[in-house]
There are 2 protein chains.
Amino acid sequence: MSARPKSICPPDPSGRSADDHGTQFCHRCTFSSICIAGGCHKSELAELQCLVEHVGQFRAGEHVFRAGDTFRAIFAVRRGTVKTCVVDKGGREQVLGFYLPGEVIGLDAIYPERFPCNAVALDTASFCRFSFPAISDLAARVPAVQQHLFRMLSKGLGTASLPARDPRDHSADQRVAAFLMDLSDRYAERGFSATRLHLSMSRGDIANYLRVAAETISRVLSRFRSQELIRIDGRGLELLDLARLGVIGSRCDRL
Amino acid sequence: MSARPKSICPPDPSGRSADDHGTQFCHRCTFSSICIAGGCHKSELAELQCLVEHVGQFRAGEHVFRAGDTFRAIFAVRRGTVKTCVVDKGGREQVLGFYLPGEVIGLDAIYPERFPCNAVALDTASFCRFSFPAISDLAARVPAVQQHLFRMLSKGLGTASLPARDPRDHSADQRVAAFLMDLSDRYAERGFSATRLHLSMSRGDIANYLRVAAETISRVLSRFRSQELIRIDGRGLELLDLARLGVIGSRCDRL
DNA sequence: AACGATGTTTGATCCGCGTCAAGACGGGAG
DNA sequence: CTCCCGTCTTGACGCGGATCAAACATCGTT
């Protein structure tokens with residue numbers, strides 16, 4: 001299940017030197033400005049590093065936390081990929097998001113004080129765990145930390161814009177293109193390749209996340225391949241034309 | 001455009017005594033625990049009230065702020081209703097959300113330090129304006145304020161779950177039902193009626209927000225009326241069967 | 001009152017995508 | 001190797017909803 005990519009994806013984003021000690025990895029993390037420098041004095045930095053706890057070696061399919069668990073800490077993905085999901089009343093799983101190395105999960109649990117969703121490792125994954133009481137205490141004393149938390153939280157607010165369902169412009173194509181571009185951007189933001197990447201999640205998970213049928217994902221990817229927009233081999237993916245994908249994803253089909 | 005509801009909607013949610021002085025209105029606001037009591041000492045409360053600035057008497061269609069404006073403050077709706085929207089590259093408007101009295105807009109501007117969207121009054125509207133530097137400064141000194149901001153931000157994170165597009169269970173019905181239930185819940189949360197409410201936004205805005213065609217909104221509302229789920233007269237709306245609407249909205253069509 | 005502008009409703013037609021179904025990989029166990 | 005099983009791909013068909021189009025209601029103007 002956690003198959004190594006074979007052909008397309010030489011610099012594997014999820015499994016490389018991500019577990020190196022020191023700041024080799026940390027400077028790519030969302031928390032970096034807190035953990036590394038960010039204007040903190042040395043004593044506060046030390047305090048923060050005491051506060052961080054490494055948890056990990058989750059295997060594919062294992063839960064990091066479950067919906068309903070009481071909220072005590074937020075997690076930064078250190079290695080691997082995670083999906084968050086809920087199970088609706090009909091018993092069906094609803095995928096809410098995917099999280100790459102350097103990204104943070106659990107922020108949506110602050111308000112309800114319980115995790116509103118499950119977090120499931122998609123491949124071998126490990127995390128940095130930040131006790132929330134401790135970090136908000138630190139935030140009250142270090143303005144830079146507070147500000148950083150505000151910004152992280154704010155950043156998550158804007159991401160709720162699904163494309164229109166407009167039959168004439170292939171709405172499924174839009175969603176998939178936007179999804180691929182989003183992945184690409186996020187990998188790039190963390191220092192990985194923006195064009196060659198590995199899909200840790202199954203087609204079914206992507207379909208569920210985008211609220212389309214799994215078969216549609218297959219068809220769209222095949223179409224993109226025949227249009228020379230991507231190369232794809234199983235979970236290995238290469239984006240050949242970021243510009244055109246971006247256009248499809250944000251759909252400006254006229255004017 | 002800002003037509004008063006005539007028949008169905010006697011206690012008008014948007015225009016009643018909302019502009020009364022004192023805490024008559026404030027105790028229903030999202031900021032209440034900050035503005036009113038919330039464990040603050042008197043001196044800090046006074047400080048906060050200095051910090052609040054009333055802005056307002058926007059008329060329907062006027063902008064509260066525009067996408068790209070530099071971010072300096074967040075706004076709590078005091079009276080009226082607001083929609084947030086962006087204009088995509090094709091020149092089409094995309095409605096992102098609606099905000100009722102007592103709700104807060106602008107939190108998504110913290111990270112980019114610019115407003116990512118426009119805010120447009122749907123009827124006569126006024127606001128409480130909170131300078132963000134001032135309030136985050138206060139948050140650093142008053143833990144309760146900081147925590148409240150964290151919780152407000154966190155609360156906004158979970159709201160990104162559009163229903164599936166499943167042809168056999170009328171996905172448009174789901175969206176509309178969920179939309180109506182959401183409005184009902186939010187009005188109730190602010191002390192207004194959960195069953196008799198006024199739609200300040202046009203069918204077109206609702207359709208745009210839900211990413212369906214305006215005609216579909218009309219059809220679904222007509223269907224709901226013929227099923228005795230709602231009574232509707234122009235912008236006036238009465239929800240007759242919250243239970244059934246809730247079921248449709250969260251779709252548990254089997255099991 | 002007549003008028004156009006805007007918003008709402010309803011009907012007719014067509015197309016994308018969900019469903020069903022079958023086949024093609026691809027990896028692990030024997 | 002062969003078998004099995006899960007994931008992925010591809011085809012055929014039907015339905016929901018987008019689009020086009022045309023009445024109708026409502027409101028502010030002249």
Side-chain angles (χ1 to χ4, degrees), chain A residues 1-8 60-61 90 92 122-123 162-177 198-208 210-226 230 232-237 248 251 253-254, chain B residues 1-7 59-61 83 92-93 95 122-123 162-177 198-208 210-226 230 232-237 248 251 253-254:
Chain A
M1 195 175 272
S2 62
R4 296 295 109 196
K6 314 163 309 299
S7 52
I8 292 185
R92 279 179 293 251
L122 292 174
D123 41 29
L162 276 193
R165 69 156 71 189
D166 188 335
R168 83 163 151 256
D169 51 16
H170 287 254
S171 149
D173 288 21
Q174 290 172 35
R175 296 189 188 210
V176 175
H198 175 71
L199 300 172
S200 316
M201 67 297 288
S202 70
R203 304 286 195 268
D205 281 336
I206 299 174
N208 189 317
L210 296 178
R211 306 293 189 259
V212 298
E215 294 91 329
T216 300
I217 299 294
S218 272
R219 276 186 251 270
V220 172
L221 290 178
S222 298
R223 196 179 308 150
F224 283 178
R225 177 173 46 196
S226 73
I230 62 173
I232 187 161
D233 178 17
R235 302 279 177 100
L237 174 67
I248 296 173
R251 90 149 147 120
D253 44 342
R254 53 190 157 204
Chain B
M1 194 175 274
S2 62
R4 296 294 111 198
K6 314 165 307 299
S7 51
R59 299 217 147 266
K83 75 171 174 187
R92 279 178 294 251
E93 180 178 282
V95 176
L122 292 174
D123 40 30
L162 277 194
R165 72 157 68 191
D166 187 335
R168 85 163 146 256
D169 52 17
H170 284 252
S171 149
D173 288 21
Q174 290 173 35
R175 296 190 188 210
V176 176
H198 175 70
L199 300 173
S200 316
M201 65 297 286
S202 72
R203 304 286 195 271
D205 281 336
I206 299 174
N208 188 318
L210 296 178
R211 306 297 190 255
V212 298
E215 294 91 329
T216 300
I217 299 294
S218 272
R219 277 186 249 271
V220 172
L221 290 178
S222 298
R223 196 180 308 149
F224 283 178
R225 178 173 45 196
S226 73
I230 62 173
I232 188 162
D233 177 18
R235 301 280 176 100
L237 174 67
I248 296 173
R251 91 147 147 118
D253 44 343
R254 52 190 159 206

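Every chain is numbered from 1, with letters handed out A, B, ... down the list of sequences. Values reported hereafter were calculated over all heavy atoms of this structure, with side chains retained and with hydrogens, waters and symmetry mates removed.
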Undergrad: If you apply the rule side chain to side chain contact (heavy atoms under 4.5 Å, CB included), what do you find for A:R175 with A:V220, and how did you get there?
TA: CA-CA 10 Å; A:R175 296 189 188 210; A:V220 172; over 6 Å; no
Undergrad: So, is A:S171 close to the C:dG16 phosphate, meaning a side-chain N or O under 4.0 Å from OP1 or OP2?
TA: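 Checking A:S171 against C:dG16: no side-chain N or O falls below 4.0 Å of OP1 or OP2.
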Undergrad: Return the CD1 to CG distance between B:I230 and B:L237, rounded to the nearest 0.5 Å.
TA: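 Spacing of CD1 (B:I230) from CG (B:L237) equals 5.5 Å.
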Undergrad: Can you measure A:L221 atom CG to C:dC17 atom P for me and round it to whole angstrom units?
TA: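 Value for this atom pair: 14 Å.
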Undergrad: Between the base of C:dT10 and the side chain of B:R223, is one N or O donor paired with an acceptor at under 3.5 angstrom?
TA: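 Result: no qualifying N/O pair found.
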Undergrad: With heavy atoms under 4.0 Å as the rule, sort B:S202 into base, sugar-phosphate or nothing.
TA: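 If one applies the 4.0 Å heavy-atom cut-off, B:S202 turns out to touch the sugar-phosphate alone, with no base involved.
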Undergrad: Say whether, by atom type as modelled, one donor and one acceptor occur between the side chain of B:N208 and the main chain of B:V95 under 3.5 angstrom.
TA: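 It does hold such a pair.
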Undergrad: Report the nucleotide, chosen from D:dG17, D:dT9, C:dT9, that has the shortest atom-to-atom distance to any side-chain atom of B:T216.
TA: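 Ranking D:dG17, D:dT9, C:dT9 by closest atom to the B:T216 side chain puts D:dG17 first.
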Undergrad: State which of C:dC17, D:dT9, D:dT19 makes the closest approach to the side chain of A:S222.
TA: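 Between C:dC17, D:dT9, D:dT19, the one nearest the side chain of A:S222 would be D:dT9.
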Undergrad: Return the value, rounded to whole Å, for the distance between atom CD1 of A:I217 and atom C1' of C:dT19.
TA: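 Interatomic distance, CD1 of A:I217 to C1' of C:dT19: 16 Å.
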Undergrad: What is the distance, rounded to the nearest whole Å, between atom CD of A:E215 and atom P of D:dC13?
TA: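 The distance from CD of A:E215 to P of D:dC13 comes to 16 Å, rounded to the nearest Å.
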Undergrad: Could you state the CZ-C1' distance from B:R211 to C:dC17, rounded to the nearest angstrom?
TA: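 B:R211 atom CZ is separated from C:dC17 atom C1' by 19 Å.
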Undergrad: Specify the separation, in whole Å, of atom CG of B:D123 and atom P of C:dG7.
TA: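 Between P of C:dG7 and CG of B:D123: 15 Å.
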Undergrad: For the base of C:dG11, is there a side-chain donor-acceptor partner from B:R219 under 3.5 Å away?
TA: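 Yes, a donor-acceptor pair under 3.5 Å.
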Undergrad: Closest approach to the side chain of A:R203, judged atom by atom: which nucleotide of D:dA18, D:dT9, C:dC17 is it?
TA: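 So the side chain of A:R203 is nearest to D:dT9.
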Undergrad: How long is the gap from CZ on B:R235 to CE on B:M201, to the nearest 0.5 Å?
TA: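 B:R235 atom CZ to B:M201 atom CE measures 8.5 Å (nearest 0.5 Å).
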Undergrad: After noting the C-alpha distance and the side-chain angles of B:D205 and B:L122, does the key distance pass the side chain to side chain contact (heavy atoms under 4.5 Å, CB included) rule?
TA: CA-CA 10 Å; B:D205 281 336; B:L122 292 174; 3.9 Å; yes
Undergrad: Roughly, in whole Å, what's the span from CZ in A:R235 to P in C:dC25?
TA: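 Rounded to the whole Å, the gap is 18 Å.
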Undergrad: Expressed in angstrom and rounded to an integer, what is the separation of A:N208 atom CG from D:dC8 atom P?
TA: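 In whole Å, D:dC8 P lies 13 Å from A:N208 CG.
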Undergrad: A:R175 CZ to C:dC17 P: how many Å, rounded?
TA: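 In whole Å, C:dC17 P lies 9 Å from A:R175 CZ.
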Undergrad: Is there a side-chain polar atom (N or O) of B:S218 under 4.0 Å from OP1 or OP2 of C:dT10?
TA: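 Answer no for this pair, as no side-chain N or O of B:S218 is under 4.0 Å from OP1 or OP2.
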